[in-house]
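Below is one structure; the comments refer to it alone.
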Amino acid sequence: MAVAELSTPLYTRTRLVHSSQLSFSSTHLRSHRRVAFRPLPQAKNARISCSVAPNQVQAPAAPPQTVEPKNKAECFGVFCLTYDLKAEEETKSWKKLINIAVSGAAGMISNHLLFKLASGEVFGPDQPIALKLLGSERSLQALEGVAMELEDSLFPLLREVSIGIDPYEVFQDAGWALLIGAKPRGPGMERAGLLDLNGQIFVEQGKALNAVASRNVKVIVVGNPCNTNALICLKNAPNIPAKNFHALTRLDENRAKCQLALKAGVFYDKVSNMTIWGNHSTTQVPDFLNARINGLPVKEVIKDKKWLEEEFTESIQKRGGVLIKKWGRSSAASTAVSIADAIKSLITPTPEGDWFSSGVYTNGNPYGIAEDIVFSMPCRSKGDGDYELVKDIQFDDYLLKRIKKTEDELLAEKRCVGHLTGQGIPVCDLPEDTMLPGEM
Ligand SMILES: NC(=O)c1ccc[n+]([C@@H]2O[C@H](COP(=O)([O-])OP(=O)(O)OC[C@H]3O[C@@H](n4cnc5c(N)ncnc54)[C@H](O)[C@@H]3O)[C@@H](O)[C@H]2O)c1
């Protein structure tokens with residue numbers, strides 16, 4: 001049996017399956033798989049992804065059937081073959097398959113993240129997964145390349161891969177949605193312009209999640225400006241609890257832990273209780289008042305107040321930009337690691353006394369932060385995918401002043417996207433044109 005893939009232009013892309021597979025496919029393919037049948041191509045760039053078994057006799061070619069999928073998510077290559085997951089669940093004591101949707105799947109961050117997900121290091125060695133990869137029209141070809149690399153990696157836990165450019169198809173039954181895809185700020189573009197450009201993406205993706213994802217889908221928004229994108233997304237998904245939406249600030253937390261460890265001369269596993277407050281932008285607040293080193297308040301270990309208030313804080317706010325200057329591209333690998341960390345923090349119980357940071361919806365928060373925005377705050381989880389906010393937090397004037405600044409910025413961003421959240425006419429009075437951490 002041969003399965004071939006033809007590099008055809010967008011919209012006419014069709015999975016090509018040898019005619020001998022037809023009778024097999026129609027009865028055995030799982031219902032969600034959409035496969036279009038055409039005769040084997042004569043084109044030079046046809047790709048054979050599964051070879052014919054040496055002693056297998058090919059049935060004579062039958063007239064092909066054609067179904068035009070038009071933008072539909074398709075199973076990819078070897079992942080279109082059937083398997084009996086139920087039987088494997090019995091023999092391997094695997095858990096039930098989970099669907100993980102990833103947008104921007106052909107991008108740099110995903111190029112690291114997908115392989116972590118497929119290897120089992122995030123959801124565990126007994127958790128089979130299905131990857132549903134969403135790309136943009138421009139990245140569809142690249143998405144196929146990513147899927148080919150996943151095929152070639154032979155990950156036992158990776159049971160399905162499908163690719164597509166329609167979120168209504170790709171997000172079907174998603175239990176997790178990792179929304180990474182977004183456009184970078186172009187030269188001369190104001191932050192307001194970026195908010196609108198990327199906000200449109202999250203309107204559509206929010207609506208799609210609302211329509212087709214699992215009702216308990218957990219959503220992690222990575223694409224920037226991620227806090228306000230997450231707000232837009234949740235506002236467009238009213239049937240999914242707002243609590244299920246996160247904006248990624250875990251990379252900032254990890255960076256802060258590393259810098260405190262470096263200054264204190266300890267390994268970074270000694271730093272705990274690290275909160276990033278507010279926006280994933282240069283107004284974010286890495287909280288050294290509540291963080292601990294070897295179980296002690298940071299200020300008892302690092303006595304250099306000026307360093308903490310000025311150098312440390314700024315180094316975290318601007319680390320992404322410094323990294324781009326050195327390397328010529330933005331942090332993709334460490335971002336992927338931090339997405340994995342963020343997921344693991346939600347599916348494993350938080351160690352006693354510790355917490356993690358995540359940008360979450362400020363509905364009834366105990367800190368007096370304005371309601372109805374997505375703000376990074378300290379969270380704990382029982383490991384069930386849900387979280388609660390940490391109550392015993394200290395504040396001082398320095399921390400409150402900084403929190404106010406990042407809160408003001410997020411409130412201004414929210415006013416700027418009123419047309420995308422259903423909250424009225426947009427008014428863009430952003431306090432200043434602050435940067436995303438990766439921008440210069
Ligand atoms: N929150 C964080 O901590 C953090 C850290 C680093 C990067 N980021 C952000 O993550 C995003 C992605 O970064 P990257 O380095 O992977 O970028 P990238 O440019 O390498 O990849 C982005 C991919 O998204 C795709 N895309 C664009 N619009 C899309 C849409 N509507 N649907 C699906 N896919 C779409 C693009 O075609 C591209 O393949 C950027 O917005 C970046 O600023 C966030």
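Residue numbers count from 1 along this sequence. All ligand and atom numbering here is 1-based and tracks the order in the structure.
In this structure, G223 has a heavy atom closer than 4.0 Å to ligand 1. Not close to ligand 1: R250, with no non-hydrogen atom less than 4.0 angstrom away. Under a 4.0 angstrom heavy-atom cut-off, R138 registers as lying outside contact with ligand 1.
Put simply, the side chain of N99 never gets that close to the backbone of A130: no donor and acceptor are under 3.5 Å apart.
Ring geometry for W277 against F375 counts as tilted: the plane angle lies between 30° and 60°, on a 0 to 90° scale. Relative orientation of the F288 and F312 rings is perpendicular, given thresholds of 30° and 60° on the angle between their planes.
In this structure, K243 satisfies the cation-pi test against Y387, with its NZ or CZ atom closer than 6.0 Å to the six-membered ring centre and inside 45 degrees of the ring normal.
With ligand atoms numbered from 1 in the order given, ligand 1 contributes 1 (N) to contacts under 4.0 Å with heavy atoms of C226. In the vicinity of S139, heavy-atom distances shorter than 4.0 Å reach the ligand 1 atoms 37 (O), 39 (O). Counting the atoms of ligand 1 from 1 in the order shown, those under 4.0 Å from a heavy atom of G104 are 23 (C), 24 (O), 25 (C), 33 (C), 34 (N).
The side-chain hydrogen bond (donor to acceptor under 3.5 Å, both in side chains) check on Q423 picks up D372, T421, with sequence neighbours excluded. Remark: K207 pairs with no residue by the side-chain hydrogen bond (donor to acceptor under 3.5 Å, both in side chains) rule, at least two apart or across chains.
An N or O contact shorter than 3.5 Å links S136 to ligand 1 by distance.
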